[in-house]
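Step one of this worksheet: look at the structure below.
Labels below follow one simple rule: chain letters A, B, ... track the order of the sequence lines, proteins then strands, and each chain is numbered from 1. If you're wondering where the values come from, they're calculated on a predicted model, not measured in any experiment.
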Protein chains: 2
Amino acid sequence: MSRIMVDLRSRKPIFEQIVDSVRDLVVRGLLKPDEHLPSVRVLAAELAINPNTIQKAYGELERQGVIYSLAGRGNFVASDISSVKDAHRAELMNALKKSALEAAEYGIAEDEMINGIKDVLREHKGGNIK
Amino acid sequence: MSRIMVDLRSRKPIFEQIVDSVRDLVVRGLLKPDEHLPSVRVLAAELAINPNTIQKAYGELERQGVIYSLAGRGNFVASDISSVKDAHRAELMNALKKSALEAAEYGIAEDEMINGIKDVLREHKGGNIK
DNA sequence: ATAACTGTACTAATACAAATAGTACACCAC
DNA sequence: GTGGTGTACTATTTGTATTAGTACAGTTAT
């Protein structure tokens with residue numbers, strides 16, 4: 001069973017959802033380096049979408065250095081994912097900062113932001129609400 | 001001269017850019033309550049896009065309660081924009097929290113987030129970069 | 001009343017990207 | 001060789017945004 005999920009109703013293109021999903025699993029360590037990914041055809045069958053869409057996603061993932069492919073063997077998670085992890089960490093911090101800047105431009109105070117974040121993190125740590 | 005801008009190269013639909021742009025101007029107070037918006041045809045000419053696209057955007061803005069329209073008169077900023085402002089404020093805080101949650105799930109520490117935010121806000125306050 | 005604006009409501013055509021369908025070929029493991 | 005794999009194509013379908021064009025009713029100013 002693959003943990004890759006797609007939402008057909010989403011506005012985000014399917015191939016992009018797959019790219020994000022796989023990169024997320026890799027970055028979170030749920031997919032280990034050199035781990036064998038489901039083949040284009042198998043994943044297409046599981047997700048009930050076209051193989052070409054999977055191929056497009058895998059191609060993009062390879063371009064990003066998240067996975068590599070061996071002719072006739074299959075697709076595998078990159079051996080060294082440190083750069084991918086670093087990039088992801090930077091992306092997350094960047095998004096957070098951008099969000100804070102927008103809030104600041106609208107006049108929301110720094111304290112309010114920080115308190116809001118502390119609150120939501122406390123909830124997350126505790127109840128594991130989701 | 002209208003302050004409404006669109007980027008034809010963006011992936012975001014033009015009508016959606018207009019919706020966001022106008023709501024943003026209203027929320028920031030650059031467009032006052034009951035202020036007269038440029039007519040569908042005039043704005044279309046200024047932005048060099050089709051009047052139907054403007055109409056679609058204005059229709060959505062009216063649906064959201066950001067503007068109202070008078071037949072034969074034109075479109076106007078809503079008289080009471082407090083609810084729009086409140087909603088926008090909530091959206092910004094929500095986005096910030098969501099961003100923080102994602103970062104936390106990836107293992108970024110609360111302190112690092114807060115320090116990053118403080119840094120970027122300090123830059124913004126001071127140099128007014130960008 | 002008339003002209004020149006306004007919003008509104010349609011239909012049709014166009015453009016573009018995503019996704020599907022189908023085929024073909026080369027590589028690898030058994 | 002058989003079966004599974006990646007890869008590379010072309011053609012088609014689909015969905016949505018956008019454009020194009022027209023029509024009509026209300027408002028404003030003259």
Tell me which of B:Leu37 and A:Arg41 sits closer to the 5' end of DNA chain C, going by the nucleotide each one is nearest to. B:Leu37

Looking at A:Asp119 and A:Arg122, is any side-chain nitrogen of the basic one under 4.0 Å from a carboxylate oxygen of the acidic one? yes

Listed nucleotide nearest any side-chain atom of A:Asn75, set D:dA20, D:dT7, D:dC9: D:dT7

Nucleotide D:dT14, atom P - distance to CG of A:Leu8 in whole Å: 16 Å

Is it the case that the side chain of A:Asn115 and the backbone of A:Asp111 share a donor-acceptor pair, with hydrogens and angles ignored and the cut-off at 3.5 Å? yes

Given D:dT19, D:dA17, D:dG6, the nucleotide with the shortest approach to the side chain of B:Phe15: D:dA17

Regarding A:Glu112 and B:Arg89, does a basic nitrogen lie under 4.0 Å from an acidic carboxylate oxygen? yes

Kindly indicate, with the supporting measurements, whether the criterion side-chain contact (heavy atoms from CB on, under 4.5 Å) is fulfilled by A:Ile114 and B:Lys118. CA-CA 9 Å; A:Ile114 291 178; B:Lys118 282 183 177 174; 3.7 Å; yes

Compare all side-chain heavy atoms of B:His88 with those of B:Asp24 and state whether any distance is below 4.5 angstrom. yes

Can I get a per-line list of side-chain donor-acceptor pairs under 3.5 Å for residues 12-22 of chain A, giving both atom names and the distance, sequence neighbours left out?
residue, atom, partner, partner atom, Å
A:Lys12, NZ, A:Asp20, OD2, 3.0
A:Glu16, OE1, B:Arg11, NH1, 3.3
A:Glu16, OE2, B:Arg11, NH2, 3.3
A:Gln17, OE1, A:Asp7, N, 2.7
A:Gln17, NE2, A:Asp7, O, 3.0
A:Gln17, NE2, A:Lys12, O, 2.9
A:Asp20, OD1, A:Arg23, NH2, 2.9

A:Ser39 backbone acceptor or donor facing A:Tyr58 side chain under 3.5 Å: no

On DNA chain D, more 5' by nearest nucleotide between A:Gly74 and A:Arg11 is A:Gly74

Nearest-Å distance for atom pair CD/C1', residues B:Gln55 and D:dA23: 13 Å

Take the protein atom CD1 of A:Ile14 and the nucleotide atom C1' of D:dT13, then report the distance between them rounded to whole Å. 14 Å

Length of the NZ-P vector between A:Lys12 and D:dT16, whole Å: 18 Å

So which of residues 56-73 of chain A are in contact with DNA chain C, with a heavy-atom cut-off of under 4.0 Å? A:Lys56, A:Ala71, A:Gly72, A:Arg73

Kindly indicate whether the side chain of B:Leu31, heavy atoms from C-beta on, has any atom under 4.5 Å from the side chain of B:Ile67. no

Please report the distance, rounded to the nearest Å, between CG in B:Asn50 and P in D:dG21. 9 Å

Criterion side-chain contact (heavy atoms from CB on, under 4.5 Å) on B:Leu96 and A:Ile108, from CA distance to verdict: CA-CA 11 Å; B:Leu96 184 69; A:Ile108 296 180; over 6 Å; no

Could you tell me from which nucleotide to which nucleotide of DNA chain C, 5' to 3', there is an atom under 4.0 Å from chain A heavy atoms? C:dA18 to C:dA29

